[in-house]
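One structure is given here, and the rest of the page talks about it.
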Amino acid sequence: MTTQILITDDSALARKQLARTLPDDLNADVHFAENGNVALDVLSSQPIDIMFLDLTMPELDGYQTLEAMQEAGMTVPVVVVSGDIQPLAQQQVLERGAKDFVKKPISRERVDALIKAYLSTASASETKRSHAPTEKLSRRDIYMEVVNIAMGQAADKLARHCGVFVHMPLPQVNVFEVTELTMTIRHLAQSDTMNGVCQGFSGEGIAGEALMLISDSSITEMVKLLDYPEDGSVDNELELLVDISNILISAFLKGLGDQGALEFSQSYPALLGQHAEVDQLIAAMKGSWKRTVTIEVSYQIDGTDIKCDLLLLLLDESLPLLDAKLAYLMDEE
């Protein structure tokens with residue numbers, strides 16, 4: 001009997017990696033879906049024995065997919081495999097009917113254990129090598145998935161620090177001229193005046209700057225959320241800017257470094273401005289590049305209007321070095 005497996009993830013790299021971890025002795029037909037809508041179509045058209053599901057996807061995300069499956073009475077065992085490792089994320093998917101939660105990247109041993117746990121003995125005991133569809137990967141596919149995992153680690157740190165749930169929209173990865181970067185920063189601005197912190201980083205020839213932006217209204221709300229002292233002994237907003245930028249930037253860089261066997265050193269956070277116009281923040285940046293790879297991540301705190309934007313700016317000449325560090329993700333088996 002052939003096992004029907006559905007892998008749902010917007011990342012081509014993640015789909016390919018998970019398919020490659022399936023047991024060699026499993027006789028399986030592997031189906032891919034790039035979002036929840038496609039997954040629901042597959043589930044409606046044929047029987048599926050087990051589904052692996054990402055959370056952060058366009059059109060219909062993992063949470064919405066689980067809810068739609070519950071409403072439709074679909075009882076397929078679902079294992080969530082996600083870079084969003086917040087405790088509340090894990091709790092929410094289990095409440096929506098998922099059987100298990102595993103953080104990315106998933107190991108071959110963990111997949112084998114899940115297959116044995118959620119498939120019948122008859123399905124799991126065949127002795128024919130699985131065959132999964134092949135997908136050609138681009139540099140963008142690799143960067144998007146690496147960023148997804150890193151941003152999940154940063155969101156987890158922020159969530160634990162603030163005692164909240166953090167929403168993670170899809171990240172953006174683009175190559176920009178400096179003039180386009182300026183337009184991007186203006187687009188991110190939620191108000192006429194913003195607060196910005198910049199922090200340089202480097203490791204094994206890979207260098208850049210990380211920029212965090214928070215609007216005036218967000219920083220005021222966050223100071224109240226974290227219950228900073230109101231005795232005037234410190235500049236609460238400045239303390240918060242340094243604290244949050246350290247949490248997000250350090251966790252993101254560690255997540256990125258762990259995947260590329262890199263250790264980044266970081267400079268002390270530099271204040272670009274408080275309650276400043278966006279053009280003033282841009283002028284205060286001291287980057288010397290002409291072109292940059294920009295990784296854009298937005299974090300939204302649940303139940304509030306608080307939003308933090310993180311921009312990671314990589315020097316153009318760092319790309320070949322980073323590509324080499326991540327080349328193992330392109331390896332074929």
| task | Determine whether the side chains of S217 and T220 contain a donor N or O and an acceptor N or O closer than 3.5 Å. | result | no

| note | Test side-chain contact (heavy atoms from CB on, under 4.5 Å), reference L253, set D258, L248, L312, output is L312

| said: Any carboxylate oxygen within less than 4.0 angstrom of a Lys/Arg side-chain nitrogen, looking at D309 and K307? | reply: yes

| task | Please report the C-alpha distance between F252 and K157 in whole Å, then the side-chain angles of each, then the deciding distance to 0.1 Å, and finally whether the side chain to side chain contact (heavy atoms under 4.5 Å, CB included) criterion is met. | result | CA-CA 9 Å; F252 190 95; K157 292 288 187 184; over 6 Å; no

| task | Nearest 0.5 Å please: distance from the OG1 atom of T21 over to the CG atom of D112. | result | 9.5 Å

| query | Taking atom CG of L281 and atom CG of L272, what is their separation to the nearest 0.5 Å? | reply | 6.0 Å

| field | Residue pair L6 / A39: nearest heavy atoms and the distance that separates them | value | CD2-O, 3.9 Å

| request: Consider only side-chain N and O atoms of Y228 and D243, and report whether a donor and an acceptor are under 3.5 Å apart. | output: yes

| N174 side chain to Y143 side chain, donor-acceptor N/O pair below 3.5 angstrom | no

| request: Show the numbers, then the answer: is there a salt bridge (Lys or Arg N to Asp or Glu O under 4.0 Å) between R110 and D100? | output: CA-CA 11 Å; R110 189 75 172 97; D100 216 326; 3.5 Å; yes

| Between D49 and T3, a side-chain donor and acceptor under 3.5 Å | no

| query | Taking atom CG of L326 and atom CD1 of I142, what is their separation to the nearest 0.5 Å? | reply | 7.0 Å

| field | Within 6.0 angstrom of E277 CD, more than 12 heavy atoms from elsewhere | value | no

| Is there a side-chain contact between N246 and P269 (heavy atoms, below 4.5 Å)? | yes

| query | Side-chain contact, heavy-atom cut-off 4.5 Å: L26 with I115? | reply | yes

| Electrostatic pair K254:E263 at N-O distance under 4.0 angstrom | no

| field | Non-hydrogen side-chain atoms of Y299 and H167 separated by less than 4.5 Å | value | no

| request: Would you indicate whether the side-chain heavy atoms of N195 and H275 approach each other to under 4.5 Å? | output: yes

| message | Show the nearest heavy-atom pair for residues L55 and D61, with the distance to one decimal. | response | O-CB, 3.1 Å

| request: For residues V166 and V164, determine if any side-chain heavy atom of one lies less than 4.5 Å from a side-chain heavy atom of the other. | output: yes

| Residue among I249, L211, V242 satisfying side-chain contact (heavy atoms from CB on, under 4.5 Å) with Q199 | I249

| task | Measure the CZ-NZ distance between F32 and K16 for me, rounded to the nearest 0.5 Å. | result | 9.5 Å

| G203 and L262: which non-hydrogen atoms are nearest, and at how many Å? | O-CD2, 4.0 Å

| Side-chain heavy-atom pair T8, D54 within 4.5 angstrom cut-off | no

| note | CD1 (I295) and CG (L256) are apart, to the nearest 0.5 Å, by 6.0 Å

| query | Do any N or O atoms from the side chain of Y63 and from the backbone of Q92 form a donor-acceptor pair under 3.5 angstrom? | reply | no

| query | Are P23 and R108 close enough that some pair of their side-chain heavy atoms sits under 4.5 Å apart? | reply | no

| message | For a 4.5 angstrom cut-off between non-hydrogen side-chain atoms, does Q266 reach S250? | response | yes

| message | For a salt bridge (Lys or Arg N to Asp or Glu O under 4.0 Å) check, start with the C-alpha distance between K325 and E204, then their side-chain angles and the critical distance, and finish with the verdict. | response | CA-CA 10 Å; K325 285 291 184 179; E204 297 187 41; 2.9 Å; yes

| query | How many angstroms lie between CD in Q153 and CD in Q259, if you round to the nearest 0.5 Å? | reply | 7.0 Å

| remark: Taking every heavy atom of I85 against every heavy atom of S82, the minimum-distance pair comes out as CG2-O, 4.1 Å

| request: List the steps and the verdict of side chain to side chain contact (heavy atoms under 4.5 Å, CB included) for N35 and D10. | output: CA-CA 6 Å; N35 60 57; D10 64 306; 5.9 Å; no

| task | Might you point out which heavy atoms bring A155 and M168 nearest each other, and give the distance in Å? | result | CB-SD, 3.4 Å

| task | Test D84 against N148 for side chain to side chain contact (heavy atoms under 4.5 Å, CB included), laying out the working first. | result | CA-CA 8 Å; D84 185 354; N148 182 59; over 6 Å; no

Which atom pairs, one a donor and one an acceptor, fall under 3.5 Å between side chains of residues 66-77 and the rest of the protein, sequence neighbours left out?
residue	atom	partner	partner atom	Å
E67	OE2	R96	NE	2.9
E67	OE2	R96	NH2	3.1
Q70	NE2	R96	O	3.1

| Side chains of Q90 and Q86: do they bring a donor and an acceptor to under 3.5 Å? | no

| query | So E145 and K104, salt bridge (Lys or Arg N to Asp or Glu O under 4.0 Å) or not? Walk me through it. | reply | CA-CA 10 Å; E145 182 60 10; K104 290 181 175 181; 2.9 Å; yes

| request: Compare every heavy atom of V197 with every heavy atom of L271, then report the nearest pair and how far apart it is. | output: CD1-CG2, 4.4 Å

| said: Test side chain to side chain contact (heavy atoms under 4.5 Å, CB included) on M144 and Q172; report intermediate values, then the result. | reply: CA-CA 8 Å; M144 285 289 286; Q172 300 294 322; 6.0 Å; no

